[in-house]
Amino acid sequence: MADIFDLATTNLLSPVILFFVLGVAAALARSDLSVPEAAAKTLSLYLLFAIGFKGGASVAAHGVDARLIASLGAGVVLSFFLPFIAFGLLRVMTNLNRLDAAAVAAHYGSISIVTFVAATSVLESRLIDSEGYMVAVAAMMEAPAILSALWLVARGAPDGGRMDATLLREIMLNGSIVLLVGSFAIGAITGQDGLEKIASFIVAPFTGVLCLFLLDMGLVAGRGLREVRGQISMATVAFAVLMPLIGSTIGLGFGLLIGLSAGGVALMMVLSASASYIAVPAAMRVALPEANPSIYLTLSLGVTFPFNLTIGIPLYVAVASAIVGVN
Amino acid sequence: MADIFDLATTNLLSPVILFFVLGVAAALARSDLSVPEAAAKTLSLYLLFAIGFKGGASVAAHGVDARLIASLGAGVVLSFFLPFIAFGLLRVMTNLNRLDAAAVAAHYGSISIVTFVAATSVLESRLIDSEGYMVAVAAMMEAPAILSALWLVARGAPDGGRMDATLLREIMLNGSIVLLVGSFAIGAITGQDGLEKIASFIVAPFTGVLCLFLLDMGLVAGRGLREVRGQISMATVAFAVLMPLIGSTIGLGFGLLIGLSAGGVALMMVLSASASYIAVPAAMRVALPEANPSIYLTLSLGVTFPFNLTIGIPLYVAVASAIVGVN
Amino acid sequence: MADIFDLATTNLLSPVILFFVLGVAAALARSDLSVPEAAAKTLSLYLLFAIGFKGGASVAAHGVDARLIASLGAGVVLSFFLPFIAFGLLRVMTNLNRLDAAAVAAHYGSISIVTFVAATSVLESRLIDSEGYMVAVAAMMEAPAILSALWLVARGAPDGGRMDATLLREIMLNGSIVLLVGSFAIGAITGQDGLEKIASFIVAPFTGVLCLFLLDMGLVAGRGLREVRGQISMATVAFAVLMPLIGSTIGLGFGLLIGLSAGGVALMMVLSASASYIAVPAAMRVALPEANPSIYLTLSLGVTFPFNLTIGIPLYVAVASAIVGVN
Amino acid sequence: METHKAKRVAIIIEAPMERRLTNALTEAGVQGYSILPVLGGSGRSGQWTREGQVGRSGMMQVVCIIRPERLDTLLEAAFKVVERHMGVVTVSDCEVLRAERF
Amino acid sequence: METHKAKRVAIIIEAPMERRLTNALTEAGVQGYSILPVLGGSGRSGQWTREGQVGRSGMMQVVCIIRPERLDTLLEAAFKVVERHMGVVTVSDCEVLRAERF
Amino acid sequence: METHKAKRVAIIIEAPMERRLTNALTEAGVQGYSILPVLGGSGRSGQWTREGQVGRSGMMQVVCIIRPERLDTLLEAAFKVVERHMGVVTVSDCEVLRAERF
Ligand SMILES: Nc1ncnc2c1ncn2[C@@H]1O[C@H](COP(=O)(O)O)[C@@H](O)[C@H]1O
Ligand SMILES: Nc1ncnc2c1ncn2[C@@H]1O[C@H](COP(=O)(O)O)[C@@H](O)[C@H]1O
Ligand SMILES: Nc1ncnc2c1ncn2[C@@H]1O[C@H](COP(=O)(O)O)[C@@H](O)[C@H]1O
Ligand code: NA
Ligand code: NA
Ligand code: NA
């Protein structure tokens, strides 16, 4: 318990979190501080590139594990399955209509890669190892949740959601997935040799770049929060805190079942707990244009993301370490 | 004396200065070399982030000093006070009207953070320590000069300048100040621990990034100079060389009074000598739209900035070292 | 021979090449993965800055060589001369009209700096030294080919091509040349001292940045290939593979004649073999607007660039090493 | 100089719908269009800005210059795409040089 | 397709004034606007470009589509902001789909 | 508010020709223009996008607001530059505030 608090404090006072807080504060205070769109997009390409490559190189180093397939499968199942829980909760807890509830649910089945990145950097600083292929699990979890959400909508209103071949291809081949999986594959192919060649680009400056990116995320989240003040009910906000706790518990179960390491279990919890704010929102604008974007963006980026970043990650890491044990 | 020349030559032949010169030359020769706006803005975010954080971490390491408060106070006083000297000089030396003179004066009371950054990197390469909180002094000096300038205008023509609550908030919360102060605070909170985590992002590549940024500044300055050829009197140009000498002398006095180290005194001189070309111009466009921007931009970015970069900084460092003595 | 295959495989499985392949694959699969324009431009500025500076610093370290002048001269001669061979080949092998053939020929006389950069990084990883001034030779070879192409057009149709003083200045002072030559000069002036100051910006992360840049080049090349499917004859494609082989052979001759090291000969071959896709296309749009850009861009960026990257470079390095011998 | 009557259609549409719109235009036989950036804005669904955004969010603008007689075909094709979406469709009169190109 | 008459107001204004302008528009009851980038230009006060700029400099463009009867309110609100500033205000006729949105 | 008739000329032109066009406009006595970005598009010469581009490629847009009586001078100057090049030249009517500035 003391350990959790200790971990939480260390986490809260890390530069990474503090820059996020700075961003939120600056946006709420209406400062004109801003990161150019091109820079934000590039920082996010960098993070995908680095995290994918490092995951692949680590798989190359530690060998492929029987658990890899099980983990990928678990990821797909979780992503399909979590939206149903989220949808049920939303319909019970909040007054969101079917469409908005389904759109929100899609976000919680999918994942936030920055939350994942932040968690790996906490694990690293705690010297806790994790399976390199968890980054591939992250990629597997991006898309299935969208299908579940559209199915939930279609059940209620036959012409509610639009899913067609084009959209399916767009979702499966969206830039984040392609870069993450591609870098993972290249990392796996080129291994330690490849990693050494580019380590001073993707390893050494990583945390610093993450700080800058989280400053931007804080600015965007803070701007969003300023906009929606008072438009979203407390019950809806409560969902955005409850759902990651439920998600992470289910993720914990899957992680233990598969027999992952403490770090792997923690990451499985983080993935299940996190909510998408890039790929899914774009898909929702195409497939469910009538759903209100400010609801799902606020919950995912404005509430769940900061919750996971500050409280969630240290909690999941502590729980996973306590149950699995860190060697 | 020999030391000053030596320092000046070393400085002039450093990559940082030479890239600035390359930029000016390319612009004057009408090369289409250019740095994308988003890149220039991002480089400048990086410099603010790095310099702020390093300053904060250094304060955390060396402890808070009784001189900190005095220095911050000195910064505010200097920023309020220097515009009056600048204004007086301009009205005597040049034929600028009241409005243009006040607008120019605001720039010279405020500061140029890149000049400050370049000076810290000269100090570092000379192994001269300086107080980490000088970066906070820089932040304090950004805004007050604007108020002085508007007061100077208002005295002459009651409805001359526009200052309202919105503008005041914009000035105090402008992006550069928020990022600089925020990074400083985060550096101070997370200390050496935090610095270690991101050192390979903000320390190691710093000088290289500064080169690229100064290339861009050179391009912008050179383009400006090409535009205004012959529109600005020699007397006005002379002001832009004289004023940093006067400013730095006053800064020297304050620095000695407070009892700063040689490096701290040099930085106080640099801050007093430098002229803003980002925050103040934007504020002037809002508050004194009738003032001619090409005058203040040319003086600040086209004359005073290169003067400080090439001659000013080595001079101030040499004077400060000679008077205070470097241990 | 075994050595060539070995080198080719190592090269093909290096992260740099694999990221290019990832880019091409993503574009062909119509993924929306993309690098912001500002980021791509900035990455390219970084590469020019780094490669130029390192070349200059190396010249400062190893001293100026009698071969420097000869190499620069050879570069100019090659750039003037290669377009005639390319033009002849195109008129014989393909059904391109005079205008399109001349425009394509201009590209093959000029050079691709990224191909050059990729080759230097192969040399480095093989620990083969090369003359630092080869980067200056690269700069010399950018422009002359354009004049040859315009002369070829003018011979056929008096008012075919437009060359005027403005265009000439634009070509000679285009951003890439100015930054490359400028950085080279600054590297030569500041030498090892300067290099040390910025090494952790331009040396350490270099290969990683190159990966990201080649991902982008792959995306652009792949998008281009998708667009032109079936519009370009097989014979034209064959030219784009044959010409680098011819070019590199001629480059080999010049390199041996001058007495360059194995690395220098390899780079001379690479320069002769590579085709421009930045400076020359822009010049062609101005000077030969009637020439079809999709032909020259597809050949240069879609065929020759990947050919050199994957097969050409290891081949040229192996040949140069075999003939000159690596100490 | 000789100019010819034409219509300028400007469609502000959500970025994730851009490719669908341009595909629809192409299918409807539109010969040319240009895509212009939008940095931010405000409307019934609130305020937005592109600053710091990572995903494909916000609005874009697609501009088509076409012959007056082809306007209706274009508008119908465009309307099918924007129908359920945020966005603004405006049409204005203009004159073009080199009318043979349209 | 059915279209309705509207006005397109395009205001090129100095970047540091952008927020003041959009605030003034909002206060004047304007329901929607879009902000478009301007990369450079030339005018009585000389030439400028956004290239390599670090601060909030140069011009931006704010575009509003409004019902004709609301034009004067908008222009008055806009004029108060641009009055002492560089900038260009143009108004043109256009037609809109989905007029109920304006 | 009082407005005055003017013409809005918008020229979409290849990026490498931009400087030549603005120089030609300046020589023809045009007092002001703005340069707007174009992100991508499609035309007789195929599709293009600015994404990931390194060189000076693609199209730009130059917009001039001028007095009606100066239209022909401008068009002639512009036409000389765009003549052999890709590009679209459109002219439309508009009204301006502060006509003394044009
Ligand atoms: N009247 C208008 N004039 C210009 N742009 C508009 C207008 N209305 C909406 N927009 C743009 O379209 C976006 C979506 O509008 P809406 O669907 O009303 O929220 C806004 O954020 C603006 O960028
Ligand atoms: N006639 C015009 N047409 C288009 N843009 C203009 C015009 N006049 C001025 N501008 C734009 O407004 C800016 C400021 O104009 P000015 O106040 O005349 O210097 C110029 O740099 C252009 O970007
Ligand atoms: N009818 C049009 N409407 C808008 N933009 C166009 C049109 N035709 C061409 N363009 C733009 O001009 C570029 C070159 O056109 P083109 O010369 O027809 O290939 C296109 O890629 C578009 O960006
Ligand atoms: Na999740
Ligand atoms: Na000052
Ligand atoms: Na060549």
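Predicted model only: the values in this text are computed from it and were never measured. Here is the naming used below: chain letters follow the sequence lines, and residue numbers restart at 1 for every chain.
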Self-check item: Which portion of A:T42 sits near chain D, non-hydrogen atoms under 4.5 angstrom
Solution: neither

Practice problem: Counting only heavy atoms closer than 4.5 Å, note whether D:Q53 contacts chain A via side chain, backbone, both or neither. | Solution: both

Practice problem: Specify the closest pair of heavy atoms between D:G55 and A:K41, including all atoms of both residues, with the distance to one decimal. | Solution: O-NZ, 3.5 Å

Quiz item: chain A contacts: which residues in residues 43-52 of chain D have a non-hydrogen atom closer than 4.5 Å to it?
Solution: D:Q47, D:T49, D:R50, D:E51, D:G52

Quiz item: Under 6.0 Å from the CZ atom of A:R30, do we count more than 12 heavy atoms belonging to anything else shown?
Solution: no

Quiz item: Do D:M86 and A:R285 come close enough that some side-chain heavy atom pair is under 4.5 Å?
Solution: yes

Exercise. Decide yes or no for A:F213 and D:V54: does some side-chain heavy atom of the first lie under 4.5 Å from some side-chain heavy atom of the second?
Key: yes

Quiz prompt | Note: D:R20-A:E170 ion pair, threshold 4.0 Å (strictly below) | solution = yes

Exercise. Taking atom CE of A:M172 as the centre, report whether more than 12 heavy atoms of other residues, nucleotides or ligands fall under 6.0 Å from it.
Key: no

Exercise. Measure distances from A:P281 to the heavy atoms of chain D and classify the residue's part below 4.5 Å as side chain, backbone, both or neither.
Key: neither

Self-check item: Heavy-atom pair of closest approach, residues A:A282 and D:P16
Solution: O-CB, 3.8 Å

